Enquirer: 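Submitted below is the structure of interest, expressed as structure tokens.
This structure is a prediction, so every number in the text was calculated from the model and none was measured.
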Amino acid sequence: MAAIHRTIAVPRTAHLHQLGTLTPETRHVWIALHGYGQLAQYFIRHFETLADTQTAVLAPEGLSRFYLEGFSGRVGATWMTKEQRLYEIQDYIHYLNLVRETALQEAPNAQLHILGFSQGAATACRWLAQAQWPVHELVLWAGVFPEDMEMAAARQALAQARLTYVYGLQDPFVADDKVQEQLARVRQAGLEPTILTFAGKHELNRDVLTHLKQQQR
């Protein structure tokens with residue numbers, strides 16, 4: 001007799017870390033999505049330059065954790081794998097919707113900025129593809145729109161948003177030909193991104209983050 005596959009929805013605890021406070025006086029909320037194998041508690045430290053009395057940063061953590069090497073030691077998190085990927089996408093979209101709703105309940109007058117780093121960039125794109133609400137800015141850092149994502153959904157979600165691509169010029173995971181392919185695809189969808197580069201590898205950069213903060217409006 002062949003086994004059948006079933007699913008059940010279960011309650012669970014998700015984790016996020018925050019810089020700054022969320023109040024009616026907050027003008028900017030950044031939701032920063034980490035890359036593969038990172039943890040939010042360390043990832044968020046890079047964003048201290050953004051937080052102030054009017055700006056808060058939230059770093060949700062991917063729902064799946066694992067040992068980075070072997071069976072002990074350092075732990076990382078991931079947003080999804082190829083196994084039952086559609087369910088994992090559905091789960092993190094639900095999770096990120098709750099993060100957004102919670103943040104904007106506490107800071108109802110804030111503009112929403114979303115930054116995705118590496119795997120977090122694809123995560124942000126898939127999340128926004130289902131969005132029925134406005135986003136002020138999307139920053140894709142060392143990452144791009146997933147190849148399997150319909151750009152029509154991106155165009156609808158980002159019609160009024162500022163779109164920025166950021167990558168290090170020495171990043172071994174960001175090939176220039178792939179960047180150009182992505183830019184052509186995005187522009188064909190009617191989106192015109194800003195491109196920011198820096199001298200560095202697969203990493204965040206304080207000067208670029210400072211620049212992004214200065215561009216808040």
Enquirer: Would you give the length of the straight line joining atom CD of Gln132 to atom CG of Asn97, rounded to the nearest 0.5 angstrom?
Expert: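 Those atoms lie 10.0 Å apart.
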Enquirer: Kindly give the heavy-atom pair with the smallest separation between Thr197 and Leu169, and that separation in Å.
Expert: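 Nearest pair, atom of Thr197 first, then Leu169: CB-CD2, 3.7 Å.
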Enquirer: Report yes if some heavy atom in the side chain of Cys125 is under 4.5 Å from a heavy atom in the side chain of Leu140; otherwise report no.
Expert: yes
Enquirer: Is Leu22 reachable from Tyr95 through a run of I, L, V, M, F, W or Y residues, each pair having side-chain heavy atoms under 4.5 Å apart?
Expert: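 As far as the 4.5 Å side-chain criterion goes, Leu22 and Tyr95 are connected within one cluster.
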Enquirer: Check whether any side-chain heavy atom of Val75 lies under 4.5 Å from a side-chain heavy atom of Leu68, and answer yes or no.
Expert: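 Side chain of Val75 against side chain of Leu68, heavy atoms only: no contact under 4.5 Å found.
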Enquirer: Is there a side-chain contact between Thr7 and Tyr87, using heavy atoms and a 4.5 Å cut-off?
Expert: yes
Enquirer: Looking at Thr53, Asn109, Asp52, which one forms a side chain to side chain contact (heavy atoms under 4.5 Å, CB included) with Arg27?
Expert: Asn109
Enquirer: Count the heavy atoms belonging to other residues, nucleotides or ligands that lie under 6.0 Å from CZ of Arg206, then report whether that count exceeds 12.
Expert: no
Enquirer: Are Val144 and Met80 connected in the hydrophobic side-chain network, where two residues link if heavy atoms are under 4.5 Å apart?
Expert: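 Same cluster: Val144 reaches Met80 through Ile, Leu, Val, Met, Phe, Trp or Tyr contacts under 4.5 Å.
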Enquirer: Drop me the distance from Glu88's CD to Glu83's CD, to the nearest 0.5 angstrom.
Expert: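 The CD atom of Glu83 is 8.5 Å from CD of Glu88, to the nearest 0.5 Å.
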Enquirer: For Pro108 and Pro24, work out which heavy atoms get closest and say how close.
Expert: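 In this case the closest contact between Pro108 and Pro24 is CD-CA, 4.0 Å.
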Enquirer: Pair Leu16, Glu61 - check side chain to side chain contact (heavy atoms under 4.5 Å, CB included), show working.
Expert: CA-CA 6 Å; Leu16 63 154; Glu61 187 168 279; over 6 Å; no
Enquirer: May I have the step-by-step check of side chain to side chain contact (heavy atoms under 4.5 Å, CB included) for Tyr165 and Thr194, ending in yes or no?
Expert: CA-CA 6 Å; Tyr165 281 86; Thr194 297; over 6 Å; no
Enquirer: Does the side chain of Val186 reach to within under 4.5 Å of the side chain of Gln182, using non-hydrogen atoms?
Expert: yes
Enquirer: For the pair Asp91 and Arg12, find out whether any cationic side-chain nitrogen is under 4.0 Å from an anionic carboxylate oxygen.
Expert: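 Here Asp91 does not pair with Arg12 in a salt bridge, since their nearest N and O are not under 4.0 Å apart.
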Enquirer: Counting only N and O atoms by type, is there a donor-acceptor contact under 3.5 Å from the side chain of His202 to the main-chain atoms of Pro172?
Expert: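 Side chain of His202 to backbone of Pro172, a donor-acceptor pair under 3.5 Å: no, none is there.
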Enquirer: Could you state the interatomic distance from OH (Tyr92) to OG1 (Thr78), rounded to the nearest 0.5 Å?
Expert: 9.5 Å
Enquirer: Heavy-atom distance under 4.5 Å between the side chains of Leu158 and Val135, does that happen here?
Expert: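 In contact.
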Enquirer: Quick check: closest heavy atoms across Ala142 and Val174, and the distance to 0.1 Å?
Expert: CA-CG2, 4.0 Å
Enquirer: Under a 4.5 Å cut-off applied to non-hydrogen side-chain atoms, are Glu192 and Arg187 in contact?
Expert: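 Yes, their side chains come closer than 4.5 Å.
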Enquirer: Hydrophobic clustering (ILVMFWY, side-chain heavy atoms < 4.5 Å, transitive) - are Ile44 and Val166 grouped together?
Expert: yes
Enquirer: Enter the distance from Leu115:CG to Thr164:OG1 here, rounded to the nearest 0.5 Å.
Expert: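 If I round to the nearest 0.5 Å, the distance is 9.5 Å.
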Enquirer: Quick one: sort the Phe198 and Trp141 rings into parallel, tilted or perpendicular, breaks at 30° and 60°.
Expert: tilted
Enquirer: Are any non-hydrogen side-chain atoms of Arg65 and His15 less than 4.5 angstrom apart?
Expert: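 A side-chain contact under 4.5 Å exists here.
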Enquirer: Please tell me if the side chains of Ser64 and Thr81 come closer than 4.5 Å, counting only heavy atoms from C-beta onward.
Expert: no
Enquirer: Do other residues, nucleotides or ligands put more than 12 heavy atoms under 6.0 Å from the NE2 atom of His94?
Expert: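 Counting other residues, nucleotides and ligands, NE2 of His94 stays at 12 neighbours or fewer.
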Enquirer: Okay, side chain of Gln18, backbone of Gly20: is any donor-acceptor separation there less than 3.5 Å?
Expert: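 It does hold such a pair.
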Enquirer: Say you draw a straight line from CD of Glu137 to CG of Leu212; how long is it, rounded to the nearest 0.5 Å?
Expert: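 Answer rounded to 0.5 Å: 6.0 Å.
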Enquirer: Step through the shown structure and confirm whether more than 12 heavy atoms of other residues, nucleotides or ligands are within 6.0 Å of CZ on Phe66.
Expert: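 Enclosed.
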Enquirer: Do Val139 and Ile195 belong to the same hydrophobic cluster, where Ile, Leu, Val, Met, Phe, Trp and Tyr are linked whenever their side-chain heavy atoms lie under 4.5 Å apart, directly or via other members?
Expert: no
Enquirer: Is a side-chain donor or acceptor of Gln111 paired with a backbone partner of His28 at a separation under 3.5 angstrom?
Expert: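 Between the backbone of His28 and the side chain of Gln111 there is no qualifying donor-acceptor contact (under 3.5 Å).
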Enquirer: For the OG1 atom of Thr123 and the CD1 atom of Ile114, what is their distance to the nearest 0.5 Å?
Expert: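 Those atoms lie 11.5 Å apart.
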Enquirer: What's the shortest heavy-atom distance between Ala40 and His17, and which atoms?
Expert: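 Closest approach of Ala40 to His17: CB-CD2, 3.8 Å.
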Enquirer: Gln105 side chain to Thr102 main-chain N or O, any donor-acceptor pair under 3.5 Å?
Expert: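 A pair under 3.5 Å: no.
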Enquirer: Take Arg162 and His136 through the side chain to side chain contact (heavy atoms under 4.5 Å, CB included) test and state the conclusion after the steps.
Expert: CA-CA 6 Å; Arg162 184 166 62 232; His136 185 71; 4.2 Å; yes
Enquirer: Using 30° and 60° as the class limits, which term best fits the ring planes of Phe43 and Phe117: parallel, tilted or perpendicular?
Expert: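 Tilted.
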Enquirer: Are any side-chain N or O atoms of Trp79 and backbone N or O atoms of His34, one a donor and one an acceptor, separated by less than 3.5 Å?
Expert: yes
Enquirer: Is there a donor-acceptor pair closer than 3.5 Å between any side-chain N or O of Gln215 and the backbone N or O of Lys213?
Expert: no
Enquirer: Verify the distance criterion only: is there a donor paired with an acceptor across the side chains of Thr23 and Glu106 at less than 3.5 Å?
Expert: no
Enquirer: Are Leu138 and Trp127 co-members of a hydrophobic cluster defined by side-chain heavy atoms under 4.5 Å apart?
Expert: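 Trp127 and Leu138: one cluster.
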Enquirer: May I have the step-by-step check of side chain to side chain contact (heavy atoms under 4.5 Å, CB included) for Phe145 and Leu163, ending in yes or no?
Expert: CA-CA 12 Å; Phe145 284 94; Leu163 173 61; 4.2 Å; yes
Enquirer: Give the minimum heavy-atom separation between His46 and Thr49, together with the two atoms involved.
Expert: O-CG2, 4.3 Å
Enquirer: Testing the basics here: between Arg85 and Asp148, what is the closest heavy-atom pair and its distance to 0.1 Å?
Expert: NH2-OD2, 2.9 Å
Enquirer: Apply the test salt bridge (charged side-chain N to carboxylate O under 4.0 Å, His left out) to residues Glu69 and Arg74: give CA-CA distance (whole Å), side-chain angles for both, the deciding distance (0.1 Å), then the verdict.
Expert: CA-CA 7 Å; Glu69 296 181 9; Arg74 292 178 57 213; 5.8 Å; no
